[in-house]
K.L.:
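After the structure tokens below, expect a handful of questions from me.
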Amino acid sequence: MSDTSMPISGNNWWSCLTPNNHQVASESVHGARLAQAHLAKKCSSKCSICVEENKECKCTDHENRLAITTTEHHVKRSSSFAHSVINMIGMLIGLGQLSTPYALENGGWASAFLLIGLGIMCAYTSHIMGKCLDEDSNSKTYQDLGEQAFGTKGRVLASTFIYLEIFFALVSYTISLSDNLPLVFAGVQIRLPHLHVSTAQLLTIIAVLVALPSVWLRDLSSISFLSFGGILMSLIIFAMVLSTAVFGGVSTNQSIPVLQLRKIPVVSGLYAFSYAGHIVFPNIYTAMKDPSKFTKVSITSFTIVTTLYTCLAFTGAKLFGPAVSSQITLSMPPHQITTKIALWATVLTPMTKYALEFAPFAIQMEQNLPSSMGRWSRTLIRGSIGSILLLLILALALSVPYFQYVLSLTGSLVSVGICLVLPCAFYLKICRGQVSKPVVVLNALIIIFGVVLGIVGTISSSKSLIQSMQRGKSS
């Protein structure tokens with residue numbers, strides 16, 4: 001994983017890993033990137049200095065300061081091959097890794113072919129997104145590709161999928177927070193008079209309230225460090241699971257069923273969610289110094305991520321067998337230091353996500369406010385609405401605490417469309433006349449596969465979620 005044009009020294013490696021205003025590496029990077037894109041459009045008539053600082057332009061000589069175009073304000077082509085690979089891997093590795101052992105155990109070891117197959121298909125759709133971006137230099141974001149392919153309706157469709165993915169992902173993160181917090185604070189009992197909530201729910205409420213001020217932040221550069229924290233937490237979790245397998249004293253002799261076909265629809269949604277990163281790929285492409293290497297970046301990143309997912313899935317399934325939880329951290333031996341580290345990493349991860357994920361909502365909302373409105377009024381409105389949305393997500397997460405089914409529903413309903421269906425549809429429309437018949441057939445088959453997988457998975461995960469809620473009410 002090195003740049004063929006520039007050897008990466010120790011200092012360069014540090015620059016790859018440290019966050020900055022132009023390069024964000026995390027599962028939630030699309031939040032910051034989309035917000036920057038909206039902000040750049042809004043500031044098209046402002047000077048470059050004010051755009052870079054995310055400030056309202058007050059310069060009287062901004063026409064003399066405007067030395068570059070609007071699109072260059074928010075996209076600096078500074079990413080090397082290594083930077084881009086790290087960003088794409090950081091985008092892909094996240095919440096989905098917690099559920100891969102559970103998915104493999106329930107789907108059977110043969111379902112690993114589905115996991116690998118989805119990885120290959122998603123790498124291909126990432127490649128064709130690069131082809132679409134080659135066709136129009138003005139396309140910088142996932143929404144731009146939608147508009148390039150299908151006009152305003154395409155942009156609305158792409159935006160709808162993006163915001164659905166953000167919303168459901170935050171619900172899933174909050175459920176994960178609620179599941180893991182009681183283990184982090186094992187033995188702690190909190191009771192409030194006249195309030196019928198459990199200790200786990202109270203801990204979750206406290207944690208979300210602690211994170212709440214972050215959605216009020218207006219300057220996106222001030223939250224870039226959160227994205228680095230997100231990817232660091234994901235890597236720590238992966239390392240701790242492997243450490244448990246090697247040094248934890250837990251035997252890896254559990255048997256894994258060959259195939260459980262009836263559970264494949266739910267499992268497919270969990271696998272699809274694990275590859276839900278295509279929203280930010282256009283931003284990674286436009287930030288590359290050499291965009292012609294984007295296909296190599298996609299192949300390298302998906303190869304590494306698919307390998308890590310497969311290894312983690314088999315490791316967790318062999319360690320815990322049928323007893324494996326929907327989140328691998330919940331199955332790890334509670335007394336071991338590796339488990340405590342993994343639990344803390346899992347709990348801290350959602351805390352790094354809220355502000356980044358809310359960024360596109362906030363910027364879009366601020367755009368729609370009257371231009372005469374003052375800065376503090378804008379901050380108050382966007383912060384208040386962001387807080388209300390976060391509290392709504394908290395309430396929903398506490399009401400539907402079924403991590404695996406919410407994650408599977410998200411993967412089937414949203415991620416399949418983002419990763420498989422829409423990229424192929426965009427490609428066939430944008431590059432029509434340039435695509436050979438075999439490639440047309442290939443993309444049509446991927447679209448059909450994605451639609452079928454999405455429909456079947458959505459029905460199955462919705463049914464399982466409803467049944468779990470009914471059982472929860474009756475117990």
Side-chain angles (χ1 to χ4, degrees), residues 1-2 8 10 12-20 23-32 79-103 115 119 169 172-173 176-177 180 184 223-248 270-271 273-277 280 284 297-298 300-316 319 327-332 336-354 356-357 407:
M1 192 167 58
S2 61
I8 298 178
N12 286 331
W13 269 114
W14 176 248
S15 69
C16 287
L17 294 173
T18 51
N20 55 69
Q23 206 64 34
V24 185
S26 80
E27 185 184 10
S28 302
V29 68
H30 59 276
S79 293
S80 65
F81 181 86
H83 273 102
S84 303
V85 169
I86 290 172
N87 277 349
M88 190 171 285
I89 291 175
M91 178 65 197
L92 294 169
I93 294 181
L95 193 62
Q97 69 174 341
L98 297 177
S99 63
T100 51
Y102 172 86
L115 175 64
S172 300
Y173 272 115
S176 175
L177 185 67
N180 286 273
V184 171
I223 61 176
S224 61
F225 73 94
L226 294 176
S227 63
F228 178 67
I231 184 174
L232 182 62
M233 294 302 103
S234 296
L235 293 176
I236 288 174
I237 294 169
F238 182 79
M240 292 304 101
V241 173
L242 293 185
S243 297
T244 300
V246 177
F247 308 110
L270 295 175
Y271 286 156
F273 182 87
S274 301
Y275 294 115
V280 77
I284 294 176
V297 168
S298 299
T300 302
S301 302
F302 274 95
T303 299
I304 293 172
V305 169
T306 302
T307 302
L308 291 177
Y309 280 157
T310 305
C311 291
L312 184 61
F314 275 100
T315 300
L319 278 171
Q327 300 171 70
I328 185 64
T329 51
L330 302 179
S331 297
M332 296 171 67
Q336 294 184 4
I337 185 65
T338 54
T339 301
K340 298 182 185 301
I341 295 173
L343 287 170
W344 269 109
T346 305
V347 164
L348 291 175
T349 296
M351 311 291 282
T352 69
K353 303 296 182 182
Y354 293 124
L356 287 169
E357 295 281 9
L407 205 66

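Only this structure's heavy atoms are used, side chains among them; waters, hydrogens and symmetry mates stay out. When a residue number appears, it is its place in the shown sequence, counting from 1. Just so you know, these numbers come straight off a predicted model, no measurement behind them.
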K.L.:
Pick from T310, T300, L92: which one makes a side chain to side chain contact (heavy atoms under 4.5 Å, CB included) with V305?
P.N.:
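Single side chain to side chain contact (heavy atoms under 4.5 Å, CB included) partner of V305 among T310, T300, L92: L92.
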K.L.:
How many angstroms lie between OG in S298 and CD1 in I284, if you round to the nearest 0.5 Å?
P.N.:
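One gets 8.0 Å once the value is rounded to the nearest 0.5 Å.
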K.L.:
Which distance, rounded to the nearest 0.5 Å, do you find between the OG of S234 and the CG of L98?
P.N.:
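Answer rounded to 0.5 Å: 8.0 Å.
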K.L.:
Would you confirm whether Y275, through its side chain, and L115, through its main-chain N or O, come within 3.5 Å as a donor-acceptor pair?
P.N.:
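Yes; at least one donor-acceptor contact below 3.5 Å.
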K.L.:
Are T346 and Q327 linked by a side-chain donor-acceptor pair shorter than 3.5 Å?
P.N.:
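Checked: T346/Q327 side chains show no N/O donor-acceptor pair below 3.5 Å.
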K.L.:
Which distance, rounded to the nearest 0.5 Å, do you find between the OG of S99 and the CZ of F273?
P.N.:
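These two atoms lie 8.0 Å from each other.
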K.L.:
To check you understand the geometry: which heavy-atom pair defines the closest contact between M88 and S301, and what is its length?
P.N.:
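Heavy-atom minimum between the residues: CB-OG, 3.4 Å.
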K.L.:
So which atom in P101 and which in G316 form the shortest heavy-atom distance, rounded to 0.1 Å?
P.N.:
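Looking at all heavy atoms of both residues, the shortest contact is CB-CA, 3.7 Å.
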K.L.:
Hey, are the side chains of Y102 and I328 touching, using non-hydrogen atoms and a 4.5 Å cut-off?
P.N.:
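In short, these two side chains do not touch, never coming nearer than 4.5 Å.
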K.L.:
So how far is it from L177 CG to S172 OG, rounded to the nearest 0.5 Å?
P.N.:
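Between atom CG of L177 and atom OG of S172 there are 12.5 Å.
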K.L.:
Return all side-chain donor-acceptor pairs below 3.5 angstrom for residues 236-244, not counting sequence neighbours, or 'none' if the list is empty.
P.N.:
| from | atom 1 | to | atom 2 | distance (Å) |
| --- | --- | --- | --- | --- |
| S243 | OG | A239 | O | 2.9 |
| T244 | OG1 | M240 | O | 2.9 |
| T244 | OG1 | T338 | OG1 | 3.3 |

K.L.:
I need the I86 CD1 to F81 CZ distance, nearest 0.5 Å.
P.N.:
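Interatomic distance, I86 CD1 to F81 CZ, rounded to 0.5 Å: 10.5 Å.
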K.L.:
Please identify each residue that fulfils side chain to side chain donor-acceptor pair (under 3.5 Å) with T329, with sequence neighbours left out.
P.N.:
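Testing T329 for side chain to side chain donor-acceptor pair (under 3.5 Å), a comparison that skips the adjacent residues, returns N180.
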K.L.:
Any side-chain heavy atom of S331 within less than 4.5 Å of one from L319?
P.N.:
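No, too far: nothing below the 4.5 Å cut-off.
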K.L.:
Mind listing the closest non-hydrogen atom pair of C311 and T315 along with its distance?
P.N.:
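Scanning both residues completely, I find the closest heavy atoms to be O-OG1, 2.7 Å.
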K.L.:
Between atom CE of M332 and atom CD1 of I341, what is the distance when rounded to the nearest 0.5 Å?
P.N.:
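Those atoms lie 9.0 Å apart.
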